[in-house]
2 protein chains.
Amino acid sequence: MIQAPLDHDALRKALEAAGLRSTSQRLAVYDQLAAMPHHPTAEEVFQAVRSSLPKISLATVYKALEALVAIGVVGRLNAADGAGSARYDARSEDHYHFRCLRTGTIHDLPTEFDPKLIEHLDPLLAEDLRRQGFQVTGYRLELLGYRRTDGRDA
Amino acid sequence: MIQAPLDHDALRKALEAAGLRSTSQRLAVYDQLAAMPHHPTAEEVFQAVRSSLPKISLATVYKALEALVAIGVVGRLNAADGAGSARYDARSEDHYHFRCLRTGTIHDLPTEFDPKLIEHLDPLLAEDLRRQGFQVTGYRLELLGYRRTDGRDA
DNA sequence: ATTCTTGCAAACCTTTTGCAGCCTA
DNA sequence: TAGGCTGCAAAAGGTTTGCAAGAAT
């Protein structure tokens with residue numbers, strides 16, 4: 001099971017530590033995001049959050065997501081191939097994604113394997129890159145394919 | 001050195017084989033794209049192509065890029081993290097990218113290493129994924145970091 | 001009390017589309 | 001010649017911004 005989402009106290013502290021205020025909108029956005037298994041778009045988060053905060057606006061959802069990304073408790077994922085909208089992820093640490101080429105949805109991958117993939121990359125390559133002026137600080141691995149249609153997928 | 005870009009004859013054949021026509025705009029877009037080392041946005045391609053075809057329109061550049069992606073001679077890369085614009089790549093086969101977190105530019109990585117990374121992924125995981133309904137057909141690996149500022153980068 | 005945040009609407013940017021005229025096969 | 005393609009302009013998403021009123025510290 002992925003990772004325990006932050007509770008309100010932890011999230012309040014994280015916001016506070018960054019000099020940001022903890023508002024009901026930010027908490028609600030985080031809660032809804034953490035509860036959605038397929039990393040949703042801002043619009044999807046908006047629709048979900050309306051159930052608890054009917055008067056929230058889409059702009060506020062964008063701002064809240066931006067704040068959560070800024071403090072590092074939420075990640076923003078790129079769109080399928082440059083088109084469409086961004087997707088958000090309540091996990092902050094490195095992990096892998098599976099992107100369904102049919103629906104565009106993104107799923108978390110179990111991370112029992114290879115948590116430090118980059119250490120396996122050819123050390124010679126790393127040396128080579130450094131020499132060329134590339135300082136590598138992280139990586140992103142995404143598996144592509146098709147998800148059996150049987151439920152949570154659209 | 002990466003890969004030889006297609007010459008006009010090869011590109012004409014590729015377009016023809018797909019039932020598409022070879023136009024000066026499509027050839028020019030491909031040429032400019034292949035000549036740019038840091039995978040450019042549609043707008044950047046547009047500006048570059050104007051030097052040879054001053055009356056080309058941005059819409060045509062988008063359509064040409066779409067055609068080139070459709071026949072598989074150009075790849076479309078996702079935007080940095082969901083925001084901004086897509087970037088294009090005149091290479092079609094699997095390879096790796098380095099994304100500069102400062103400028104957003106994307107560079108090709110030398111591919112001397114690990115051309116079949118996915119085969120190294122835990123076979124157990126692959127089995128696990130299949131059981132869960134994920135059919136993996138490809139993957140995307142992107143290194144993130146900072147590029148020494150010394151030239152082609154903005 | 002002060003400063004940050006919200007919500008609304010308008011602005012913005014990237015990408016797509018409709019259509020008349022042009023060009024390729 | 002026929003049908004795809006271009007170029008223009010307008011439309012369509014998705015995301016950001018300006019600002020007055022409201023909320024958090």
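Proteins get letters first, then strands, A, B, ... in listed order; numbering begins at 1 in each. On a predicted model such as this, the values are computed, not experimentally measured, just so you know.
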Apply side chain to side chain contact (heavy atoms under 4.5 Å, CB included) to [X] and list each qualifying residue two or more places apart in sequence or on a separate chain.
X       : result
B:Ala35 : none
B:Ala18 : B:Leu20, B:Ile71
B:Ala10 : B:Leu6, B:Asp7

Item to check | For DNA chain C, the residues among residues 11-21 of chain B that have a non-hydrogen atom under 4.0 Å from it | outcome: B:Arg21

Next on the checklist: I need the CD-C1' distance between A:Glu66 and C:dT6, as an integer number of Å.
Outcome noted: 14 Å

Checklist entry - Separation of B:Tyr62 atom OH from C:dT14 atom P, in whole Å? => result 7 Å

Checklist entry - What pairs with A:Ser57 under side chain to side chain donor-acceptor pair (under 3.5 Å), at least two apart in sequence or on another chain? => result A:Thr60

Next on the checklist: Run the side chain to side chain donor-acceptor pair (under 3.5 Å) test against A:Gln47 and tell me which residues pass, sequence neighbours left out.
Outcome noted: A:Glu43

Checklist entry - Which side chain to side chain donor-acceptor pair (under 3.5 Å) pairs, counting each pair once, include a residue from residues 8-20 of chain B, with sequence neighbours left out? => result B:His8-B:Asp31, B:Arg12-B:Ser22

Next on the checklist: Tell me the bend of the helix from C:dA1-D:dT25 to C:dA25-D:dT1 as the angle between end helix axes, each from five pairs, rounded to the nearest 10 degrees.
Outcome noted: 40°

Checklist outcome for this item: Expected string for nucleotides 6-12 of chain D under the B/S/- scheme (protein heavy atoms, under 4.0 Å, primed atoms plus P, OP1, OP2 as sugar-phosphate) is BBBB---

Next on the checklist: Please report the interatomic distance CG(A:Leu53) to CG(A:Leu27), rounded to the nearest 0.5 Å.
Outcome noted: 9.5 Å

Next on the checklist: Mind checking if B:Thr41 touches a base, just sugar-phosphate, or nothing, with heavy atoms under 4.0 Å?
Outcome noted: nothing

